[in-house]
**Student:** 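I have a structure here, written as structure tokens, and I will follow up with some questions on it.
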Amino acid sequence: EVQLVESGGGLVQAGGSLRLSCAASGFTFDDYAIGWFRQAPGKEREGVSCIGDSDGRTYYADSVKGRFTISSDNAKNTVYLQIHSLKPEDTAVYYCAALRLSRLSFDQWMFPHLYHYWGQGTQVTVSS
């Protein structure tokens, strides 16, 4: 059974930090890129970052560059999203998703419809 399980969300004050985790199982981790998305109430799902670890490619949305860092621990089949300098506008449900590595590209990684597997999401709330 394919599973992506996010954790690490919570309520933090603006300026704080969080590390989100995405634990993957049930598929060949090395064959997939892992993306992080977020969705705020009333807004579309937004791609924030993606990592294709086997070739070292990482991508970030402009809105998060310099504050978000994506990394991967292949031994644990886990991808992390370190978030610094949190802002109230970062408040959203954060999802991780898996994309076949062969379909990863710099100009399409942010499109949710390309991803095959999704986690259930973890809530991040930033208070001002």
**Student:** What is the distance from atom CZ of R38 to atom CD of Q123, rounded to the nearest 0.5 Å?
**Tutor:** 12.0 Å

**Student:** Parallel, tilted or perpendicular, judged at 30° and 60°: which one describes the rings of Y94 and F68?
**Tutor:** tilted

**Student:** Hey, does R19 have a side-chain heavy atom less than 4.5 Å from the side chain of I83?
**Tutor:** no

**Student:** Do I51 and V64 belong to the same hydrophobic cluster, where Ile, Leu, Val, Met, Phe, Trp and Tyr are linked whenever their side-chain heavy atoms lie under 4.5 Å apart, directly or via other members?
**Tutor:** yes

**Student:** Can you list the steps and then say if I70 with V48 is a side chain to side chain contact (heavy atoms under 4.5 Å, CB included)?
**Tutor:** CA-CA 10 Å; I70 193 169; V48 296; over 6 Å; no

**Student:** In plain terms, say whether K65 and D62 are close enough for a salt bridge, that is, a side-chain N and a carboxylate O under 4.0 Å apart.
**Tutor:** yes

**Student:** What are the two closest heavy atoms between H84 and S17, and how far apart are they?
**Tutor:** ND1-OG, 3.0 Å

**Student:** Can you tell me if S71 and D73 form a side-chain donor-acceptor pair at under 3.5 Å?
**Tutor:** no

**Student:** Return the orientation label for the Y115 and F37 ring planes: parallel under 30°, perpendicular over 60°, tilted otherwise.
**Tutor:** perpendicular

**Student:** About how many Å separate CD of E46 and CD of Q39, when rounded to the nearest 0.5 Å?
**Tutor:** 10.5 Å

**Student:** So, taking the atom named CG in L11 and the one named OG1 in T125, what distance separates them when rounded to the nearest 0.5 Å?
**Tutor:** 6.0 Å

**Student:** Show the nearest heavy-atom pair for residues G9 and L20, with the distance to one decimal.
**Tutor:** N-CD2, 3.6 Å

**Student:** Using the ring centroid of each side chain, check whether F106 and Y59 are separated by less than 6.0 Å.
**Tutor:** no

**Student:** If every non-hydrogen atom of Y95 is compared with every non-hydrogen atom of G119, which pair is closest and at what distance?
**Tutor:** CD2-O, 3.6 Å

**Student:** Is there a donor-acceptor pair under 3.5 Å between the side chain of T91 and the backbone N or O of E89?
**Tutor:** no

**Student:** Determine, stepwise, if the pair M110 / C50 fulfils side chain to side chain contact (heavy atoms under 4.5 Å, CB included).
**Tutor:** CA-CA 8 Å; M110 71 290 289; C50 183; over 6 Å; no

**Student:** Is it true that D107 and S105 share a donor-acceptor pair across their side chains at a distance under 3.5 Å?
**Tutor:** yes

**Student:** What pair of heavy atoms forms the shortest contact from L4 to A24, and how long is it?
**Tutor:** CD2-CB, 3.5 Å

**Student:** Spell out, yes or no, whether Y60 and V79 are grouped together once hydrophobic residues are joined by side-chain heavy atoms under 4.5 Å, including indirect joins.
**Tutor:** yes

**Student:** Would you compute the distance between atom CH2 of W36 and atom SG of C96 and round it to the nearest 0.5 angstrom?
**Tutor:** 5.0 Å

**Student:** How long is the span from the OG atom in S49 to the CD1 atom in I34, to the nearest 0.5 Å?
**Tutor:** 11.5 Å

**Student:** Taking all heavy atoms of A14 and all of S128, pick out the closest pair and write down the distance.
**Tutor:** CB-CA, 4.3 Å

**Student:** Using side chain to side chain contact (heavy atoms under 4.5 Å, CB included), reason through D30 and N74 one step at a time and then give a plain yes or no.
**Tutor:** CA-CA 8 Å; D30 289 349; N74 277 22; 3.0 Å; yes

**Student:** For the residue pair S85 and D90, what are the closest heavy atoms and their distance?
**Tutor:** O-OD2, 4.4 Å

**Student:** Return the CG to OG1 distance between L18 and T122, rounded to the nearest 0.5 Å.
**Tutor:** 8.5 Å

**Student:** Stepwise, does the side chain to side chain contact (heavy atoms under 4.5 Å, CB included) test hold for R100 with D31?
**Tutor:** CA-CA 6 Å; R100 290 284 295 184; D31 291 343; 4.1 Å; yes

**Student:** Does NZ or CZ of R45 fall inside the cone over W118's six-membered ring, less than 6.0 Å from its centre and within 45° of the axis?
**Tutor:** yes

